[in-house]
Every structure is written in structure tokens, then in C-alpha cells.
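Chain letters run A, B, ... following the sequence lines, proteins first, then strands; residues in each count from 1.
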Amino acid sequence: MTESLTASQDRIWQIVHQIPVGKVATYGQIANLAGMPSHARLVGRVLSRLPPDTRLPWHRVVNAQGKITNPTRQRQQQRLAEEGIILIHGRVSLRLYGWDY
DNA sequence: TGTTTGACGGACA
DNA sequence: CTGTCCGCCAAAC
């Protein structure tokens, strides 16, 4: 049974919305929590299509290496800094800031 | 209709 | 540590 893209998109939004302030989650983690293992790319694609004025905390999502792969990484880094999350050597420490669901 | 492209990730050298 | 390869799949060409 196939599932509509909007349905999975809704769940992805729902999960991202739950990431606590001051914490970060990985694309793969979001995919898993949304019930779609191995679909990290889908998460990235969905986030890339968010409207500019979205209220969703998309900046709290980084890749499995803790690196920012977002085209607007400057803005994402700024937003993370505002929450106390600093990048060391270009990456976020998942050990310190990783979201334990 | 076939191929390439990504806001990815894990395995491996 | 870096780089390569492969699985994944909707969207753009």
C-alpha cells in the first residue's frame, strides 16, 4: 500500500516541530521517527520546500555528521547560535545537542 | 521514457 | 581523518 507524499510530509513537519529548543536532530532520525527508515533524503527535500515564512524549526536539523548541508547555512548557523548551539570545526556535537526522542 | 540531481546515510578502503 | 560506492526516491530535465 503506497502512501501519499503529503501524508509523509505532514508527519515530517510534525516531528520537526517537536525538536526541543537547544537540541538538534538528523535527517535520518526524523525519517525514522516519521516511520520511514532510509528516507533521510525525503526529509531534506521536504524541508527544502518549506515556505520562507514557516514557523517550523528547520534549523534544528543537521546531517548525521553534525554538519549543516543547508544552502542557507549562514542563517541556520545564526539561528542555532541564538539557541546556544555552537559549531566546533564546522560541526555540531550530537553528543551534546542530539535530541533523544 | 531515461537520466541526473539532491538540505542523506552507512559501509568500506 | 578523506574519498568512494551504493541504496533511496521524488522532481527536474
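Rounded to an integer number of Å, the gap from CG of A/N70 to P of B/dC8 is 9 Å. Between A/R45 atom CZ and B/dA7 atom P the separation is 10 Å, expressed in whole Å. Rounded to an integer number of Å, the gap from CG of A/L80 to P of B/dA7 is 18 Å. Spacing between atom CD of A/Q29 and atom P of B/dG10 amounts to 11 Å, rounded to whole angstrom units. When the C1' atom of B/dG10 is taken as reference, atom CG of A/N32 falls 12 Å away, rounded to whole Å. The CZ atom of A/R73 sits 16 Å away from the C1' atom of B/dG6 (whole-angstrom rounding). In this entry the distance linking NE2 of A/H39 with P of B/dG10 reads 14 Å, nearest Å. As rounded to whole Å, 12 Å separates atom C1' of C/dA10 from atom CD1 of A/I12.
Straight-line distance between the P atoms of C/dT4 and B/dT5: roughly 16 Å, to the nearest whole Å. Spacing of P atoms, C/dC6 relative to B/dA7, comes out at 22 Å, to the nearest Å.
Electrostatic pairing of A/R60 and A/E83 counts as a salt bridge here, judged by a charged N lying under 4.0 Å from a carboxylate O.
A/T26 comes within 4.0 angstrom of the backbone, heavy atoms only, and of no base. Within 4.0 Å (heavy atoms only), A/L5 reaches sugar-phosphate atoms of the nucleic acid but no base atom. As judged by a 4.0 angstrom heavy-atom cut-off over every strand, A/L47 is placed among the base-contacting residues.
Nearest nucleotide to the side chain of A/A40, out of C/dA11, B/dC8, B/dA7: B/dC8. Minimum atom distance to the side chain of A/S38 is reached by C/dC8, of the listed C/dC8, B/dG10, B/dA7.
Judged by distance alone, with hydrogens and angles left aside, the side-chain atoms of A/T54 form no donor-acceptor pair with the main-chain N or O of A/P51 at under 3.5 Å. Between the A/T26 side chain and the A/Q29 main chain, a donor and an acceptor come within less than 3.5 Å of each other.
The minimum heavy-atom distance between A/Q76 and A/I68, with the atom names listed, is OE1-CG2, 3.2 Å.
Between A/T69 and B/dC8, a side-chain N or O to OP1/OP2 separation shorter than 4.0 Å is present.
Across the interface with DNA chain C, nearest-nucleotide mapping of A/R41 and A/R49 shows A/R41 to be the residue nearer the 5′ end.
Paired with A/Q14 under the rule side chain to side chain donor-acceptor pair (under 3.5 Å), one option of A/H17, A/R11, A/Q18 passes, and it is A/Q18.
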